[in-house]
Amino acid sequence: MHITILTLFPEMIHPFFTSSIMKRAIRKGLISYDVIDFRDFADGVHKKADDIPYGGGAGMVIMAEPLSKALDSVNAAGKRVVFPTPSGKLFTQSYAEDLAKEEELIFICGHYEGIDERISELYVTDEISIGDYVLSSGETASIVIIDALYRLVDGVISSESLEEESFSSPLLEYPQYTRPERYCNKSVPDVLLSGHHRHIAQWRLDKRLEKTMHSRPDMLINASLSMDERKRLLHILDKEDQRWTLSKL
Ligand code: SAM
């Protein structure tokens, strides 16, 4: 997959692509990337890329022309162009899965009050919000989206690691432990040391159900759970006297 990022602040992007799992994915040839400073496409000695909004109001708006020239330089027409914005569609794991199927993605990083609307009309295929809050930059939002999707590209991480992750099913992930067995008077649950695979699987399923019930009960309400998952959930709800949640299921 090739990822192009259009930004006024390339220095915010590079560290992500030169660290950890992404660095390895690039070394293996699974991901490649370009960072384009679209100020380079602005006119004049000052290379001005933003201006005051028509109609008045606070802040500055990124101008259409430098962005459009930068987009044309990478032949963006007809390609999947993502613009992270608080007014976009909410980003989810299934959205990440959909984007991960593309061979090429282009990201436009907004800043200040955002970008001239005509760029969205002319080039953007996906306006995506990463949550109901306002960040100061599209660079961090783009990195969040890229981080969620590139790890789903074949070969970046093992498919086994992806299987039981939060949101890969309607349940959140179970708690994880590593050495030492005892830390600050807290022990790793005995079942994880037992070597008994069926008991470990059952414990993990119970923990996923409990975690989802406590942190995200909304996910359980529309979840299509198996008979076994349903039975165990009802048992947990009953045990915890969660009659309110029980009545919603
Ligand atoms: N004036 C805009 C509004 O009220 O919708 C907010 C602009 S924000 C200060 C600057 C940039 O940060 C946006 O253009 C967008 O690229 C990015 N951004 C901020 N919050 C975001 C969110 N929740 N999801 C995705 N991108 C976001």
Side-chain angles (χ1 to χ4, degrees), residues 1-17 22 31 33-42 46-74 76-77 79-102 104-153 166-167 215-216 218-219:
M1 171 187 281
H2 186 75
I3 301 172
T4 302
I5 299 121
L6 273 52
T7 172
L8 289 176
F9 301 94
E11 66 279 12
M12 290 178 74
I13 303 291
H14 285 298
F16 175 70
F17 283 89
M22 178 57 103
I31 306 284
Y33 79 109
D34 278 317
V35 180
I36 294 179
D37 183 345
F38 57 83
R39 194 181 294 286
D40 293 342
F41 294 84
H46 297 299
K47 298 275 179 195
K48 191 172 155 56
D50 56 289
D51 210 333
I52 53 172
Y54 275 120
M60 301 297 274
V61 175
I62 292 175
M63 297 158 78
E65 205 179 357
L67 259 181
S68 131
K69 284 182 178 166
L71 285 159
D72 290 344
S73 78
V74 292
K79 294 182 181 166
R80 198 110 182 234
V81 178
V82 177
F83 173 51
T85 165
S87 47
K89 281 197 189 137
L90 197 60
F91 191 52
T92 58
Q93 186 67 18
S94 58
Y95 209 148
E97 281 161 14
D98 179 48
L99 291 172
K101 291 178 196 143
E102 299 291 334
E104 184 171 356
L105 289 170
I106 299 171
F107 285 79
I108 300 174
C109 303
H111 226 84
Y112 318 119
E113 288 309 315
I115 64 171
D116 189 305
E117 183 64 18
R118 289 163 291 189
I119 290 297
S120 280
E121 289 165 10
L122 291 168
Y123 295 91
V124 173
T125 56
D126 296 73
E127 289 192 338
I128 302 180
S129 165
I130 62 160
D132 292 344
Y133 42 79
V134 180
L135 304 168
S136 55
S137 82
E139 283 74 10
T140 40
S142 294
I143 288 172
V144 167
I145 298 168
I146 295 165
D147 196 359
L149 72 88
Y150 91 93
R151 60 199 296 285
L152 305 175
V153 170
S166 305
F167 308 113
S215 303
R216 292 292 304 276
D218 57 301
M219 285 173 62

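One-based numbering, in listed order, for ligands and for the atoms of each. Small disclaimer: the values here were computed from a predicted structure and weren't measured.
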- For ligand 1, which atoms have a heavy atom of Ser137 less than 4.0 angstrom away? 12 (O), 17 (C)
- Message: Check contact between Tyr112 and ligand 1, using heavy atoms of the residue and a distance below 4.0 angstrom.
- Response: yes
- Which atoms of ligand 1 sit under 4.0 Å from any heavy atom of Ile128? 25 (C)
- Task: Salt-bridge test for Glu65 and Lys69: reply yes if a basic N is under 4.0 Å from a carboxylate O, no otherwise.
- Result: yes
- Message: Looking at every heavy atom in both Ile130 and Leu90, which two are closest together, and how far apart are they?
- Response: C-CD1, 4.4 Å
- Note on the structure: Min over Leu90, Ile145, Ile130 of heavy-atom distance to atom 24 (N) of ligand 1 lands on Ile130
- Quick one: nearest non-hydrogen protein atom to atom 25 (C) of ligand 1, plus distance? Thr85 N, 3.3 Å
- Message: Would you say NZ of Lys89 has more than 12 non-hydrogen atoms from neighbouring residues, nucleotides or ligands within 6.0 angstrom?
- Response: no
- Item | For Gly114, the ligand 1 atoms whose distance to one of its heavy atoms is below 4.0 Å | 14 (O)
- Note on the structure: Quick note on ligand 1: atoms under 4.0 Å from a heavy atom of Glu113 include exactly 1 (N), 2 (C), 7 (C)
- Message: What verdict does the side-chain hydrogen bond (donor to acceptor under 3.5 Å, both in side chains) test give for Glu127 and Thr85, after you've listed the backbone C-alpha separation in whole Å, the side-chain angles of each residue and the deciding distance to 0.1 Å?
- Response: CA-CA 6 Å; Glu127 289 192 338; Thr85 165; 5.6 Å; no
- Message: Around atom CG of Asp132, are there more than 12 heavy atoms from other residues, nucleotides or ligands closer than 6.0 Å?
- Response: no
- Query: Counting each atom of ligand 1 from 1 as listed, which ones have a heavy atom of Val134 under 4.0 Å away?
  - Reply: 6 (C), 8 (S), 9 (C), 20 (N)
- Item | Verdict with reasoning, Tyr54 to Asp116, per side-chain hydrogen bond (donor to acceptor under 3.5 Å, both in side chains) | CA-CA 10 Å; Tyr54 275 120; Asp116 189 305; over 6 Å; no
- Ile106: which of Val124, Ile5, Ile3, Leu6 passes side-chain contact (heavy atoms from CB on, under 4.5 Å): Leu6
- Task: Check for a donor-acceptor pair, side chain of Asp37 on one end and backbone N or O of Arg39 on the other, with a separation under 3.5 Å.
- Result: yes
- Atoms in ligand 1 flagged as close to Ala141, the criterion being non-hydrogen separation under 4.0 Å: 25 (C), 26 (N)
- Heteroatom proximity flag, Gly131 to ligand 1, N/O under 3.5 Å: yes
- Under 4.0 Å from ligand 1, counting heavy atoms only, is it the side chain of Ser136, its backbone, both or neither? backbone
- Do the side chain of Thr125 and the main chain of Val81 share a donor and acceptor less than 3.5 angstrom apart? yes
- Given Pro86, Gly138, Cys109, Gly110, which has its nearest heavy atom closest to atom 3 (C) of ligand 1? Pro86
- Query: Do the non-hydrogen side-chain atoms of Glu113 and Asp50 ever get within less than 4.5 Å of each other?
  - Reply: no
- Message: For the 3.5 Å polar cut-off, considering only N or O atoms, please tell me whether Tyr133 and ligand 1 meet it.
- Response: yes
- Message: Does only the side chain of Leu135 get under 4.0 Å from ligand 1, or the backbone, or both, or neither? Count heavy atoms.
- Response: both
- Note on the structure: If you compare Gly59, Gly57, Pro84 by their heavy atoms, the one closest to atom 13 (C) of ligand 1 turns out to be Pro84
